[in-house]
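What you see is a predicted model, and the numbers here were worked out from it, not measured in a lab. Note that these values count all heavy atoms, side chains included, but never hydrogens, waters or copies made by symmetry.
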Amino acid sequence: MDKKAKKRIEVLRKKLKQLEQQLAGAKQQMDDPDEVQQYESQIAAAKEEIEKLKAS
């Protein structure tokens, strides 16, 4: 893994942490049910990208 991939993983982990906090808040509020699904899909995409970077 090169420096660029490591940096991208680091950025994705920070984004993932933020998204998980937003998801928890959205689940507590439940003002917009679509918001929860949106956060979940963004989290899944970030995790998938991290796995792709680790595999290469």
Side-chain angles (χ1 to χ4, degrees):
M1 203 175 349
D2 60 349
K3 287 177 93 175
K4 194 173 188 180
K6 286 182 182 181
K7 182 65 177 173
R8 181 69 182 150
I9 289 173
E10 182 182 326
V11 169
L12 284 169
R13 284 187 177 150
K14 287 180 183 178
K15 181 179 179 180
L16 193 59
K17 187 174 182 179
Q18 179 186 13
L19 285 170
E20 287 172 344
Q21 289 175 347
Q22 289 175 327
L23 176 62
K27 283 184 177 180
Q28 287 179 352
Q29 291 284 326
M30 289 304 282
D31 293 336
D32 185 8
D34 293 334
E35 187 178 31
V36 172
Q37 188 175 4
Q38 180 185 4
Y39 287 134
E40 288 174 341
S41 65
Q42 289 177 358
I43 289 171
K47 286 182 179 179
E48 184 179 329
E49 189 172 348
I50 289 172
E51 290 304 315
K52 284 182 183 178
L53 288 171
K54 282 184 178 180
S56 59

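Considering only residues two or more places apart in sequence or on other chains, Glu35 meets the salt bridge (charged side-chain N to carboxylate O under 4.0 Å, His left out) condition with none of them. Residues satisfying the salt bridge (charged side-chain N to carboxylate O under 4.0 Å, His left out) test with Lys14, not counting sequence neighbours, are Glu10. Arg13 is linked by a side chain to side chain donor-acceptor pair (under 3.5 Å) to nothing, counting only residues two or more places apart in sequence or in another chain.
How far CG of Leu12 is from CD of Glu49: 4.5 Å, rounded to the nearest 0.5 Å. Leu16 contributes atom CG, which lies 10.5 Å from atom CD of Gln21 (distance to the nearest 0.5 angstrom). The distance from the CD1 atom of Ile9 to the NZ atom of Lys4 is 13.5 Å, given to the nearest 0.5 Å. If you take CG on Leu23 and CD on Gln28, they are separated by 10.5 Å, rounding to the nearest 0.5 Å. With rounding to the nearest 0.5 angstrom, the CD atom of Gln22 is 10.0 Å from the NZ atom of Lys15. Once rounded to the nearest 0.5 Å, the distance linking CG of Asp2 with NZ of Lys7 reads 13.5 Å.
At a threshold of 4.5 Å between non-hydrogen side-chain atoms, the residues Glu40 and Lys27 count as touching.
Atom CD of Glu20 has more than 12 neighbouring heavy atoms from other residues, nucleotides or ligands inside a 6.0 Å radius.
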